[in-house]
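Order of the sequence lines sets the chain letters (A, B, ...), proteins ahead of strands, with each chain counted from 1. The analysis underlying the following values was restricted to heavy atoms, covering all of them including side chains, and did not include hydrogens, waters or symmetry mates.
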Protein chains: 2
Amino acid sequence: MIDVRCLCLGVLSLGETTGYEVRKRLKAYFGPYQGVSYGALYPALAKLLAAGEVVATGSPDAQTLEKRTYAITEKGRESLRSSLVQAKGQEQVRSEFMAAMFFADQLEKDVLDRLIDERLAELRGDLALFQGFRGSPATEGQRFVSRFGQVLCRAAIDFLQGEGRAIVSALDRDRQR
Amino acid sequence: MIDVRCLCLGVLSLGETTGYEVRKRLKAYFGPYQGVSYGALYPALAKLLAAGEVVATGSPDAQTLEKRTYAITEKGRESLRSSLVQAKGQEQVRSEFMAAMFFADQLEKDVLDRLIDERLAELRGDLALFQGFRGSPATEGQRFVSRFGQVLCRAAIDFLQGEGRAIVSALDRDRQR
DNA sequence: GTTTACATGTAAGCTGTTACATGATTAC
DNA sequence: GTAATCATGTAACAGCTTACATGTAAAC
């Protein structure tokens, strides 16, 4: 399974950095496809540290909140590899948007338009993000995710601007009668 | 927020049925975009029952595991509407596939091919599911989700079969040298 | 007759989010 | 000097999954 620990190892496999940066890079790399909160991140890093899969600068037992740099170890690389090999081609999606739109008939047109606008705004943000590291894809894997992300964002944007909006308008026209 | 409770109300707003059926319909309606386990479903229905948002056949306090039919109440419809209106156009995705592919450079070609094959199999299943209720879209909302789902599945399948596979092949060729 | 699908529910536990507490450094 | 961003971490809690326990009805 790909969990927070594994994602941290993945980011650190591309270079050592701070916990704060790990989260930022995760966002930059995967956009909407993976996200972590600090409440998940730091405990995960602590476990990795205890397991010897990463090492960190700074005193290991200090409570001083000093800045620490984490680096992956050989053991961590092995652990990452074994997680990646076991990964399944699965995806878990939880879409508020799809759920709400499914019940479109129970909602007013302005609510539906707002939902589509919000979704479009998110998608445009994601698209920009994926285009962002198009110029500097350090690895082929990064290029793959960047390209795939762009393709999916564009398909979604096109649908919502065209057919999606049209379905909503048609629904509203029907209701006027 | 669209949670399990809200999804149950949504399904029941289209007709009364059993808990078991609610889960099946959820899968049929949303495919990969929403999913619930029984461990989440039945407690949610129990809460809805306690809140008077649904009513059920069968004795309310029986431990006999008898078959029960749930139906939404007027209060439930109001609750559903207010949840839907508050919904945001957001999506939470957790993609094992994207995460693993991002680190493609650390994986062998056969692992990458297997990942793509698995993803394609899932996508084809999802596509069939969305096409499935194309013939009988009871509401415009259902049609919207069905059409959007088809568009996104097709875009993903096309990418993986073409450019996606090509990136992996190119990566492998580079490694041979 | 026996397997498969239908059907309801509980309990333990994992994972992650939200909110909080704290402080350093940089930019304006 | 002060606002924003960088930076680390904890604690309470929510939510869901997995596994379990139990039984019926239909199909073959």
Side-chain angles (χ1 to χ4, degrees), chain A residues 1-8 11-12 16-28 30 32-50 54 56-70 83 88 90-96 99, chain B residues 1-8 11-12 16-28 30 32-50 54-71 83 88 90-96 99:
Chain A
M1 233 238 332
I2 308 283
D3 56 8
V4 180
R5 275 175 72 169
C6 179
L7 290 172
C8 289
V11 170
L12 292 174
E16 59 174 58
T17 187
T18 64
Y20 188 86
E21 257 297 297
V22 167
R23 183 171 184 262
K24 268 182 61 186
R25 291 190 187 173
L26 230 32
K27 215 176 213 165
F30 298 110
Y33 294 103
Q34 295 287 347
V36 265
S37 59
Y38 292 122
L41 180 74
Y42 285 108
L45 285 172
K47 272 177 207 164
L48 287 171
L49 205 50
V54 301
T57 60
S59 35
D61 54 335
Q63 304 296 82
T64 46
L65 280 316
E66 65 191 314
K67 180 173 169 178
R68 311 183 81 178
T69 300
Y70 294 88
S83 296
K88 297 259 167 265
Q90 285 169 355
E91 231 161 61
Q92 268 187 17
V93 194
R94 203 137 278 239
S95 173
E96 290 237 335
Chain B
M1 231 243 328
I2 309 282
D3 56 6
V4 180
R5 275 174 73 167
C6 178
L7 290 172
C8 289
V11 170
L12 292 173
E16 60 175 56
T17 188
T18 63
Y20 189 84
E21 256 298 297
V22 167
R23 184 172 184 260
K24 268 182 62 184
R25 290 189 189 174
L26 230 33
K27 215 177 214 168
F30 297 110
Y33 293 104
Q34 294 287 347
V36 264
S37 59
Y38 292 122
L41 180 73
Y42 286 108
L45 284 171
K47 271 178 208 162
L48 288 171
L49 205 52
V54 302
V55 287
T57 60
S59 36
D61 54 335
Q63 302 296 80
T64 46
L65 279 314
E66 66 191 315
K67 181 173 167 176
R68 311 183 81 175
T69 299
Y70 294 87
S83 296
K88 296 259 167 268
Q90 285 169 353
E91 232 161 60
Q92 268 188 14
V93 193
R94 202 139 279 240
S95 173
E96 289 236 335

Between [N] ([atom2]) and [X] ([atom1]): distance, integer Å:
| X | N | atom1 | atom2 | answer |
| --- | --- | --- | --- | --- |
| A/Leu41 | D/dT8 | CG | P | 9 Å |
| A/Arg23 | D/dG9 | CZ | P | 15 Å |
| A/Glu16 | D/dA7 | CD | P | 14 Å |
| A/Lys47 | C/dG16 | NZ | C1' | 10 Å |
| A/Leu48 | D/dG9 | CG | P | 13 Å |
| B/Gln92 | C/dT18 | CD | C1' | 13 Å |
| B/Tyr38 | D/dG23 | OH | C1' | 15 Å |
| B/Tyr70 | C/dG9 | OH | P | 4 Å |

Under 4.0 angstrom between [X] side-chain N/O and [N] OP1 or OP2:
| X | N | result |
| --- | --- | --- |
| A/Tyr20 | D/dC6 | yes |
| A/Lys24 | D/dA7 | no |
| B/Arg68 | C/dG9 | yes |
| B/Tyr42 | C/dT8 | yes |

Would you mind classifying the nucleic acid contact of A/Arg94 as base, sugar-phosphate or nothing, using non-hydrogen atoms under 4.0 angstrom? sugar-phosphate
When all nucleic acid strands are considered with a 4.0 Å heavy-atom cut-off, which category describes A/Ser37: base, sugar-phosphate, or nothing? base
Taking [Y]'s backbone N and O only, do any of them form a donor-acceptor pair with [X]'s side chain (distance below 3.5 Å, no angle check)?
| X | Y | result |
| --- | --- | --- |
| B/Gln34 | A/Ser95 | yes |
| A/Arg94 | B/Gly35 | yes |
| B/Arg68 | B/Thr57 | yes |

I want to check a possible cation-pi pair here: A/Arg23 against A/Tyr38, using under 6.0 Å from ring centre and within 45° of the ring axis as the test. yes
CG on B/Leu49 to SG on B/Cys8, rounded to 0.5 Å: 11.5 Å
Let me know, please, whether B/Leu45 or A/Ile2 comes out on the 5' side of the other along DNA chain C by nearest nucleotide. B/Leu45
Regarding the side chain of B/Ala40, the nearest nucleotide among D/dC16, C/dG16, C/dA7 is D/dC16
Return the 5'-most residue of the pair A/Lys67, A/Gly39 with respect to DNA chain D, ranking by each residue's nearest nucleotide. A/Lys67
